[in-house]
Amino acid sequence: MSKPVLGYLRQTAERSWMGIYLRILAIIMAYGASVHFANLMGFGEKPWGEAPIAWKIGDVFYALIDTLTAIGLWQRTAWGTLCFLSTIASQFLIYTVFIDYFAFTVEQHQAIYGLLGTEVILLLIFVTLFVIKK
């Protein structure tokens, strides 16, 4: 990413409302990481050893990336913001294009759509705070 964009991300994180929101996002991402770590320890819908391979890969990847994102957002760093945006983008990709690998029942589809809806709201708030110059 270019230096002006990273500089603008740093400046945006210093704004009071954006700083508060980044901390809120950090808590949300830490919660997401804890859900994936809980799945890895066998507390999920299925024992981890019996889960489909896509779930296993997703749990490992998102446990790590959500943890990294939570740390970066809490510290209000530009890389934390980039991790957040990358995580959202990757989840939209896998949960729309490859949804059949992750959801096998109507309830699972509904849960994924709820997750995506929540992420849209989080992203809209982020974009609003990002473009406001206050």
Side-chain angles (χ1 to χ4, degrees):
M1 218 159 218
S2 67
K3 287 185 181 183
V5 173
L6 290 176
Y8 187 67
L9 285 173
R10 278 189 215 102
Q11 289 174 353
T12 303
E14 293 172 5
R15 296 182 197 147
S16 62
W17 285 107
M18 181 60 99
I20 292 166
Y21 187 63
L22 292 178
R23 294 269 169 101
I24 292 168
L25 285 177
I27 293 167
I28 292 169
M29 297 304 289
Y31 169 75
S34 67
V35 168
H36 291 292
F37 279 116
N39 288 343
L40 291 171
M41 292 184 288
F43 298 116
E45 189 176 321
K46 293 182 173 190
W48 200 70
E50 298 173 14
I53 189 71
W55 289 14
K56 291 178 182 179
I57 293 169
D59 278 332
V60 170
F61 176 77
Y62 286 111
L64 297 174
I65 196 71
D66 286 356
T67 301
L68 182 66
T69 302
I71 292 167
L73 289 172
W74 189 263
Q75 295 176 347
R76 294 182 283 177
T77 63
W79 61 264
T81 302
L82 293 175
C83 284
F84 167 70
L85 296 172
S86 299
T87 300
I88 296 279
S90 70
Q91 287 184 346
F92 266 93
L93 176 69
I94 67 168
Y95 290 146
T96 56
V97 176
F98 303 108
I99 192 167
D100 292 333
Y101 292 100
F102 294 94
F104 307 109
T105 66
V106 173
E107 293 81 17
Q108 290 171 342
H109 277 254
Q110 290 173 343
I112 286 174
Y113 296 144
L115 171 70
L116 294 177
T118 301
E119 289 181 350
V120 166
I121 293 167
L122 295 174
L123 193 56
L124 286 174
I125 295 169
F126 176 83
V127 169
T128 301
L129 291 172
F130 185 74
V131 297
I132 291 175
K133 301 284 184 185
K134 293 182 181 182

Contact between Phe126 and Met18 at the side-chain level, heavy atoms closer than 4.5 Å - yes or no? yes

Do Arg23 and Leu73 make a side-chain contact, defined as non-hydrogen atoms from C-beta onward lying under 4.5 Å apart? no

Of all residues at least two apart in sequence or in a different chain, which pass the side chain to side chain donor-acceptor pair (under 3.5 Å) check with Gln108? Glu45

What pairs with Phe102 under ring pair (Phe, Tyr, Trp, His ring centres under 6.0 Å), at least two apart in sequence or on another chain? Tyr95

Under 4.5 Å between side-chain heavy atoms, chaining through other members, with only Ile, Leu, Val, Met, Phe, Trp and Tyr counted: pull out the rest of the cluster around Ile53, sorted by chain and number. Ile57

Within the supplied structure, the quantity of interest is the number of heavy atoms (other residues, nucleotides, ligands) at a distance under 6.0 Å from Phe92 CZ; does it exceed 12? yes

Do Thr77 side-chain atoms and Gly72 backbone N/O form a donor-acceptor pair below 3.5 Å? yes

Would you mind listing the cluster partners of Met41? Hydrophobic ones only (ILVMFWY), side-chain contacts under 4.5 Å, chaining allowed. Phe43

On a heavy-atom basis, which atom in His36 and which in Gly58 lie closest, and how many Å separate them? ND1-O, 4.3 Å

Partners meeting side chain to side chain donor-acceptor pair (under 3.5 Å) with Tyr21 (sequence neighbours left out): none

Taking C-beta and beyond as the side chain, do Ile112 and Glu107 meet within less than 4.5 Å on heavy atoms? no

How far apart are the closest heavy atoms of Lys56 and Ala51, and which atoms are they? CE-O, 3.3 Å

pair Ile28-Tyr31: side-chain heavy atoms closer than 4.5 Å: no

Which side-chain N or O atoms in residues 82-89 pair as donor and acceptor under 3.5 Å with protein atoms at least two apart or in another chain?
residue: Ser86; atom: OG; partner: Leu82; partner atom: O; Å: 2.9
residue: Thr87; atom: OG1; partner: Cys83; partner atom: O; Å: 2.8

With sequence neighbours excluded, tell me which residues meet side-chain contact (heavy atoms from CB on, under 4.5 Å) with Ile71. Thr67, Gln75, Trp79

Within the structure provided, determine whether Ile125 and Ile121 are in side-chain contact (heavy-atom separation under 4.5 Å). yes

Sequence neighbours excluded, which residues qualify as ring pair (Phe, Tyr, Trp, His ring centres under 6.0 Å) partners of Phe37? none

Does Ile27 sit in a hydrophobic cluster with other residues, and if so which ones, taking ILVMFWY side chains as linked at heavy-atom separations under 4.5 Å, directly or through other members? Trp74

Roughly how far, to the nearest 0.5 Å, is the CG atom of Leu123 from the CZ atom of Phe130? 11.5 Å

For Ala70 versus Ala30, what's the shortest heavy-atom pair and its separation? CB-N, 3.7 Å

Please report the interatomic distance CE(Met29) to CG(Asp66), rounded to the nearest 0.5 Å. 4.0 Å

